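To keep things clear, I will list the structure first and then write my remarks on it.
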Amino acid sequence: MPPYLCPMVKHTILIQFLSLIILVAAPGTLASCANENNAIPIIPRDKTITIANSYSDLFMDSTALETFIQQETDSDTLASQLRNFYNARNYSFAWFDENGPTLQAQGFWHAHEKAIMHTGDSSIYDAQLHKQMAMLLGDDSTYSLSRDTLIITELRLTKHFFNYVQNAYGSEVDPEAVQWHIPRRKLQPLAMLDSLLSGSGKGLPFTKEFQLLQKEVFRYRSIQQTGGWQAIENSKKKFKPGDDNRIITAIKKRLQITDNYPAADSSSVYTNSFAKSVALTKARFGLTADGIIDNKFIEKLNVPAEDRIKQILINLERMKWMPAAPADYLSANIPEYRLHVVENHKEVLGMNIVVGKAANRSVIFSDELKFIVFSPYWNIPRSIVRNEILPGMNRSSRYLARKNMEVTGYSGGLPIVRQKPGGANALGKVKFIFPNHYNIYFHDTPSKTLFNRQDRAFSHGCIRLQQPFDLAVYLLRNQTEWTNEKIKAAMNSGKEKWVTLNKIVPVFITYFTAWVDKEGALHFADDIYGHDKELGKQLFQ
């Protein structure tokens, strides 16, 4: 198996387990969850759990667990997880009852075997456990096993689950090392296992977005295993509906492979129905959603399936880092050039954005939006003053006046310059402040034409909004004194005014180059800052 596929299979077993298994309710939840360091506090044994109220009628002695830990674990963290799990259930079995393997055990194991068969991965293969489970499930010999063997198999299954969770959801790369400054989700394997056994569905680390993107790995790997797709000849000519060319046939076949053109059409004629598929596919590549076939579109189609698999895996790794999303938040995805406004877990507003250019990258981080500033001053960063403003001042004594700027003081030999409110102000008529030490914020801009471009990395790092008025209206919707008319007046007053939101809103500045939208369509974006390349070096080396 190619080495770059290893991270993919780490997510396989549990996802398929959840899709196949029938969960049976059990009383109680764990009183403590594992954390990501080795100092896991040991919870007391819950002696209120008895045969009368336990999930399983089988129990073991604590000495069996301690013997197992000494013989088959070499990790203090794993040992603590095992002790806490069985303390919380008073050493009742989790995977077996008097009738043999539970539905959870059967579902987990069948999905586990299917995943290994499908992917060819054996990174979490346990020879002894596999042999024992084959006997239990294949030969129906549950009752012929000795009690000691049954206990060992129970403990190995639990150990196997914890190892899987760490393997699948423990970060392989330190996010800070690849310029990702959003606090990452904490791994809680004990809560996950308790949740699966009880059927509560709580504590699971993956999101719907994660699962949808993960399915695309399997889909694209199946495509790769059957030969992928042939490169399409690039031509300087553009094609539109009505054209007839052999390249049209090649593109139809290419889109059919990835289910972007379902019709069984292999003709060389560019039909109107095919134009609709082209437009949708271009949009999913971040291109202008028209029906024109050009070189840039063909270049996107020619990216090998292997490279697309790597791209998806890189973004699955990032998704593991993301904290649980609140009900309401703003998310600006840099490579997508798009802001998403989410309320009650549903997108209620979206708009194009302009992000930092390669030399002035927008930072990946999270914070809380607290203020709106109407008719803002632009306090110009020292680097811009040094590199752009001073040369202009040296060329002309009228430079500042023409730019509607003023000097308010000096620091370290440099003038402190700000641009006054007004239509030509670089921040436009409103900015949105989520205080952070990166000095990044959202703002309006007088340069509206940039939003019509496909690639929109032009700023000095802050994020420009296509529809700032709409965002202001949304954020102030519960502050009744701020009517639409008052917001417009404040934006055009020429006098700076700060407004404090009565409810702060979480903000995430993210970097995803592959994702599945709410319609189930897979999207790819360009790696504009080279972050995929850097993360890929660490994941696939």
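It should be emphasised that the depicted structure is a prediction, and the values quoted were computed from it without experimental measurement. Values below: every heavy atom of this structure, side chains too, minus hydrogens, waters and symmetry copies.
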Discussion item. Using a 6.0 Å cut-off, check whether atom CD of Gln230 has over 12 heavy atoms from anything other than its own residue.
Written reply: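 Check fails, neighbour count at 12 or below.
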
Fill in: Asp74 atom CG: more than 12 heavy-atom contacts under 6.0 Å
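Counting neighbours around CG of Asp74, 12 or fewer heavy atoms of other residues, nucleotides or ligands fall under 6.0 Å, so no.
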
Shortest non-hydrogen separation from [X] to [Y] and the atoms involved:
X      : Y      : answer
Pro446 : Ala424 : CG-O, 4.2 Å
Pro506 : Pro326 : CG-CG, 3.8 Å
Leu213 : Leu522 : CD1-CD1, 3.8 Å
Ile463 : Ala332 : CD1-CB, 4.1 Å
Tyr270 : Ile292 : OH-N, 4.3 Å
Met319 : Ala514 : CE-O, 4.5 Å

Worksheet item: Do the rings of Phe274 and Tyr261 sit parallel, tilted or perpendicular, given the 30° and 60° boundaries?
Response: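 If you compare the ring of Phe274 with that of Tyr261, the planes turn out perpendicular.
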
Worksheet item: In terms of ring plane angle, is the pair Phe365 and Tyr438 parallel, tilted or perpendicular, where the classes change at 30° and 60°?
Response: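 Geometry flag for Tyr438 against Phe365: tilted rings.
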
Do [X] and [Y] touch side chain to side chain, with heavy atoms closer than 4.5 Å?
X      : Y      : value
Arg453 : Tyr337 : no
Ile312 : Asn315 : no
Leu471 : Leu465 : yes
His443 : Cys462 : yes
Val430 : Phe469 : no
Ile509 : Val507 : yes
Ile293 : Ile298 : yes
Leu82  : Thr158 : yes

Rounded distance [0.5 Å steps], [atom1] in [X] versus [atom2] in [Y]:
X      : Y      : atom1 : atom2 : result
Lys448 : Asn352 : NZ    : CG    : 12.5 Å
Leu369 : Tyr329 : CG    : OH    : 15.0 Å
Asn436 : Asp367 : CG    : CG    : 5.5 Å
Arg386 : Ile384 : CZ    : CD1   : 11.0 Å
Arg464 : Ser447 : CZ    : OG    : 5.5 Å
Thr153 : Lys131 : OG1   : NZ    : 11.0 Å

Answer yes if the side chains of [X] and [Y] hold a donor-acceptor pair under 3.5 Å, and no otherwise.
X      : Y      : value
Asn360 : Ser459 : no
Arg221 : Gln224 : no
Asp244 : Ser268 : yes
Arg156 : Gln132 : no

Check [Y] with [X], please: is the shortest side-chain N to carboxylate O separation under 4.0 Å?
X      : Y      : answer
Asp290 : Lys282 : yes
Asp526 : Lys300 : yes
Asp532 : Arg318 : yes
Lys252 : Asp265 : yes
Asp259 : Arg219 : yes
Glu233 : Arg246 : yes

With no hydrogens and no angle check, is any side-chain donor or acceptor of [X] less than 3.5 Å from a backbone partner on [Y]?
X      : Y      : result
Trp229 : Leu301 : yes
Asp243 : Lys240 : yes
Asn333 : Phe512 : yes
Arg456 : Ile353 : yes
Tyr511 : Tyr529 : yes
Asp527 : Gly530 : yes
Gln311 : Thr513 : yes
Gln81  : Phe162 : no
Asn387 : Ser383 : yes
Asp126 : His130 : no

Practice prompt. For the pair Thr445 and Val354, evaluate side-chain contact (heavy atoms from CB on, under 4.5 Å) and give the outcome as yes or no after the intermediate values.
Written response: CA-CA 10 Å; Thr445 175; Val354 170; over 6 Å; no

Worksheet entry | Audit row: Phe210, Met322, side-chain contact (heavy atoms from CB on, under 4.5 Å) steps and yes/no | CA-CA 10 Å; Phe210 182 97; Met322 285 294 291; over 6 Å; no

Practice prompt. Please lay out, stage by stage, how Asn260 and Arg284 fare under the test side-chain contact (heavy atoms from CB on, under 4.5 Å).
Written response: CA-CA 10 Å; Asn260 294 108; Arg284 293 166 186 172; 3.1 Å; yes

Item to complete: Would you sort out whether Lys320 and Glu317 count as a salt bridge (Lys or Arg N to Asp or Glu O under 4.0 Å), showing the intermediate values?
Response: CA-CA 5 Å; Lys320 291 193 300 183; Glu317 175 71 9; 2.8 Å; yes

Practice prompt. Applying salt bridge (Lys or Arg N to Asp or Glu O under 4.0 Å), run through Lys296 and Asp455 and close with a yes or a no.
Written response: CA-CA 12 Å; Lys296 194 158 190 177; Asp455 302 318; 3.3 Å; yes

Discussion item. Go through it in stages, so that I can follow the logic: the residues are Thr73 and Ser75, the test is side-chain hydrogen bond (donor to acceptor under 3.5 Å, both in side chains), and I'd like the CA-CA distance, side-chain angles, deciding distance and then a yes or no.
Written reply: CA-CA 6 Å; Thr73 65; Ser75 163; over 6 Å; no

Item to complete: Check each of Phe508, Phe432, Phe442, Phe434 against Leu330 using the side-chain contact (heavy atoms from CB on, under 4.5 Å) test, and report the only one that passes.
Response: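 That would be Phe442.
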
Practice prompt. May I ask you to check if Arg308 and Phe524 form a cation-pi contact, with NZ or CZ under 6.0 angstrom from the six-membered ring centre and within 45° of the axis?
Written response: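 Checked: cation-pi criterion met.
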
Item to complete: Show the numbers, then the answer: is there a salt bridge (Lys or Arg N to Asp or Glu O under 4.0 Å) between Lys518 and Glu347?
Response: CA-CA 9 Å; Lys518 61 184 179 181; Glu347 183 169 335; 5.7 Å; no

Item to complete: Output, in order, the C-alpha distance, side-chain angles, deciding distance and verdict of side-chain contact (heavy atoms from CB on, under 4.5 Å) for Ile247 and Ser235.
Response: CA-CA 9 Å; Ile247 292 178; Ser235 170; 3.8 Å; yes

